[in-house]
Chemist: 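So that we are looking at the same thing, I have put the structure below in structure tokens.
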Amino acid sequence: MCPADGGDSGGDRAPGKQPGDDAAFAALLEDSAEDLYEHAPCGYLSTLLDGTIAKINTTLLDWLGHARGDVVGRRTFSDLLTAGGRLYHETHFAPLLRMQGEVSGIALELKAADGSRLPVLVTSTVKTGGDGQPLLIRTTVFDARDRRAYETELLRARREAEREREELKRLNATLQQTLLPPALVSVPGLNVAAHYHIASADKVGGDFYDLFPLTDGTWGLFLGDVCGKGATAAAITSLARYTLRAAAVYDPDPAAVLSNLNTVLNHEYNGTDPRFCTVVFGLLTPDADRDGFRITLASGGHPPALLIRADGSADFLPTPGGQLIGVLPDAHIATTTVRLDPGDTLLLHTDGLTEAHTAQLGDGDRYGDEALLDFVRALGPTTAAHTVAAVRDLLDTFGTGVDDDTAVLAISVPRPPSEEQQ
Amino acid sequence: MTELTVRTRTTPAGPVIELAGELDHASAPDVRALLPGLALGAGQQLVIDLSGITVCDSSGITVLLAARNHALAARAGIALAAVPARVSRIIHIVGLDRVFPTYATARAAEAAWAPPSAHP
Amino acid sequence: MTVRGRNHVTVTGRDGGPVVMLAHGFGCDQNMWRLVVPLLEQDFTVVLFDHVGAGRSDLSAWSRERYSSLEGYTEDVLEICHELALGPVTFVGHSVSAMMGVLAAARKPEAFAGLVLLAPSPCFVDDPATGYRGGFSAEDIDELLESLDANYLGWSGAMAPVIMGNPERPELGEELTNSFCRTDPDIARVFARVTFLSDNREDLAEVTVPTLVAQCSSDAIAPPEVGAFVQARIPGSRLVTLNATGHCPQLAAPEETAAAIADFARAGH
């Protein structure tokens with residue numbers, strides 16, 4: 001688009017020849033500011049503060065098919081727009097221009113004299129006088145036909161993608177639901193609470209837990225974490241969950257349950273893309289004489305449970321040496337047995353909690369085991385419901401700092417009513 | 001966000017993979033992908049130098065396990081070197097400290113390696 | 001979430017002075033009033049707020065059900081009045097918010113000392129059956145929605161640098177970015193429909209509180225005939241035509257706008 005094309009056709013402009021270059025340069029200098037304005041490859045207009053058009057260039061008049069006399073002093077910029085564009089201009093463009101003195105790259109449509117529409121990109125600045133008072137508005141208008149077609153396509157694709165993402169989120173949420181018990185069963189003489197925190201709606205996480213009856217009045221419970229996220233992790237989660245329940249029926253000894261799970265997963269996944277999970281499995285046996293429970297916990301490489309005693313003291317319940325489940329042919333499982341007396345609470349968690357980024361500590365710093373222990377110590381003595389509610393609030397304070405799914409499961413033995421009133 | 005830097009070098013004892021940065025869900029596949037290309041002979045030792053690791057999540061653990069599987073398939077050994085405290089804690093929790101011999105430095109790991117001929 | 005937080009309510013001005021509540025219209029947030037507020041603060045208690053979905057309101061409070069009609073917004077206005085418990089307020093509603101004021105005052109007149117309807121329109125769409133001319137057709141409103149969409153892609157990219165990089169006016173910072181750049185496109189579409197497709201002509205006669213209709217001398221989206229229509233339908237209301245042009249007199253002519261509001265609000269007490 002070079003408007004300065006006439007009058008120099010006879011010029012000899014052999015390469016490297018000085019006089020010819022001078023002639024070309026001289027021709028450029030003759031390209032007056034006036035001509036640059038009138039025939040610039042974009043539309044120019046200046047309007048008074050009330051929008052009345054004071055000056056408009058030939059390029060824009062040609063695009064619109066208007067005569068100068070029909071426009072200058074007679075119409076406002078807003079009049080040149082489609083009705084919808086006018087609404088947009090008055091509710092968005094004009095207020096913003098007033099407030100900040102400049103607005104750029106806004107997509108609008110102009111209405112030409114013949115009724116056709118011209119998609120444009122508009123940029124305006126407010127020219128102010130020496131005293132800072134606004135005097136007039138200068139506007140450039142770029143032809144955006146090609147770009148608009150492209151953007152329309154982009155927008156369509158984006159909408160499509162958003163719809164699909166919504167669908168995916170819905171599917172993920174549904175799938176996640178199927179990996180967790182719809183409601184925790186009630187165990188006589190025991191309070192139970194759990195919470196699952198979904199870190200990302202786009203990917204199914206791999207945490208799981210369950211609590212279910214076994215024979216002879218005993219109960220099984222587990223909580224675990226499959227490495228990774230997404231469909232593969234969900235498949236392993238599902239396999240782990242059902243295998244654990246079946247294995248517990250077959251042989252409820254916690255170490256045997258996890259060994260059997262290890263065998264199943266180890267057969268299924270190995271090689272260059274090993275998949276594993278870490279799990280705590282517990283066998284709960286009521287202790288009728290003392291209104292409490294005995295629990296034997298087996299850990300396969302899982303972060304240790306926390307035990308909060310009736311007297312308010314709290315500590316980790318280590319199961320050292322337990323190895324992660326699913327990759328080592330003969331993974332070592334560590335067990336420990338404790339009594340849960342009235343007022344005692346046991347908390348199981350996945351490391352989404354302790355690996356959460358905390359704002360207070362700055363980027364890169366994780367919440368950590370020590371902080372969790374302090375947090376739990378401040379709660380004691382407590383109950384399952386209260387502990388889970390507190391952890392839930394804690395996760396809320398981390399916000400987006402929780403980048404992995406987190407599951408917590410707590411059980412507590414209620415105090416006798418007489419004590420509770422104290 | 002720091003990414004993962006991967007460098008490999010070869011020693012008489014076998015290859016050394018030096019990892020620095022974040023070993024997580026995003027970077028783990030890259031490390032796994034380079035395993036098949038390693039020149040690792042039977043009786044050699046694969047050393048993973050973790051001195052520059054700032055983050056290691058469960059995906060990072062799968063990388064270590066994949067490397068171990070690769071070494072075992074080649075009838076070679078595996079060792080970890082310069083494990084940062086945070087990674088060491090994770091390795092301890094998942095019980096892999098019993099599985100990976102660990103040395104203070106890659107050089108110490110090489111020094112500890114005994115050539116196959118030393119084992120009659 | 002409290003009502004104050006939900007609507008990002010700001011109370012400023014003279015403690016114990018007559019209360020003026022300023023409600024912004026479609027497309028912006030309470031920053032629309034930034035030039036008028038300093039002129040009212042001396043004499044009045046000034047209440048500002050963002051409609052849910054706009055500015056720094058709590059986006060999580062937005063729901064399609066509640067905010068698909070002016071009723072939801074009207075509820076919010078009444079809830080803010082109730083929560084602040086400052087007594088009867090002079091409610092100044094710009095553009096679509098003028099009709100929120102009409103609905104709120106019809107429902108609960110005791111909460112209002114008066115209404116200022118700034119550049120109001122009870123119905124933007126023409127109604128050939130009654131000869132009413134709102135100035136737009138239903139297709140025009142669809143075009144507006146297209147304009148919203150067309151700027152949805154470019155909005156954050158094009159606007160944010162302009163807004164953020166304005167060293168002379170640092171006060172135009174975060175708030176504007178929130179208002180103009182982070183308006184959720186879905187919320188904006190729903191609000192656009194509520195604004196331009198509502199018909200509140202029948203509600204005007206229900207207003208019993210003192211009312212001032214303030215229109216601009218030329219306004220591309222709420223023309224003078226519409227202002228006259230509003231005044232004719234509200235019993236006992238008064239009409240002033242401001243010298244200001246355009247649809248946003250509070251930005252174009254803040255002194256004149258503030259004076260009209262102040263004169264009316266003072267007379268009402």
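Every chain is numbered from 1 and lettered A, B, ... according to where its sequence line falls, protein lines coming before strand lines. Quantities reported herein were computed from a predicted structural model and do not represent experimental measurements.
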Chemist: Taking NE2 in His92(B) as the centre, count heavy atoms belonging to other residues, nucleotides or ligands within less than 6.0 Å. Is the count above 12?
Modeler: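 No.
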Chemist: Assess whether a salt bridge exists between Arg89(B) and Glu370(A), defined as any Lys/Arg side-chain N lying under 4.0 Å from an Asp/Glu carboxylate O.
Modeler: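 No, this pair does not count.
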Chemist: Given a strict heavy-atom distance threshold of 4.5 Å, which part of Asp404(A) is in contact with chain B: side chain, backbone, both, or neither?
Modeler: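 Interface part for Asp404(A): neither.
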Chemist: Can you tell me if CZ on Arg377(A) sees more than 12 non-hydrogen neighbours from other groups inside 6.0 Å?
Modeler: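 Counting other residues, nucleotides and ligands, CZ of Arg377(A) exceeds 12 neighbours.
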Chemist: If you measure from CD on Gln323(A) to CD1 on Ile93(B), what distance do you get to the nearest 0.5 Å?
Modeler: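 Taking CD in Gln323(A) and CD1 in Ile93(B), the distance rounds to 14.0 Å.
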Chemist: Side chain to side chain contact (heavy atoms under 4.5 Å, CB included) between Arg98(B) and Leu328(A): does it pass, once the steps are laid out?
Modeler: CA-CA 11 Å; Arg98(B) 298 168 160 225; Leu328(A) 307 169; over 6 Å; no
Chemist: Tell me which one of Asp57(B), Thr62(B), Ile61(B) satisfies side chain to side chain contact (heavy atoms under 4.5 Å, CB included) with Cys227(A).
Modeler: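 Filter result, single survivor: Thr62(B).
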Chemist: From Leu324(A) CG over to Leu96(B) CG, what is the distance, rounded to the nearest 0.5 angstrom?
Modeler: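 Rounded to the nearest 0.5 Å, the CG-CG separation comes out at 4.5 Å.
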Chemist: Check this for me: Arg245(A), atom CZ, are more than 12 non-hydrogen atoms of other residues, nucleotides or ligands nearer than 6.0 Å?
Modeler: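 Counting other residues, nucleotides and ligands, CZ of Arg245(A) exceeds 12 neighbours.
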Chemist: What part of His332(A) gets within 4.5 angstrom of chain B, counting heavy atoms only: side chain, backbone, both, or neither?
Modeler: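 His332(A) touches chain B through side-chain heavy atoms alone.
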Chemist: Give me the atom names and distance for the closest heavy-atom approach of Gly228(A) to Ser58(B).
Modeler: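 For Gly228(A) and Ser58(B), the tightest heavy-atom pair comes out as N-OG, 3.8 Å.
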Chemist: Shortest non-hydrogen contact from Lys229(A) to His25(B)?
Modeler: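 The pair with the smallest heavy-atom distance is N-CE1, 4.5 Å.
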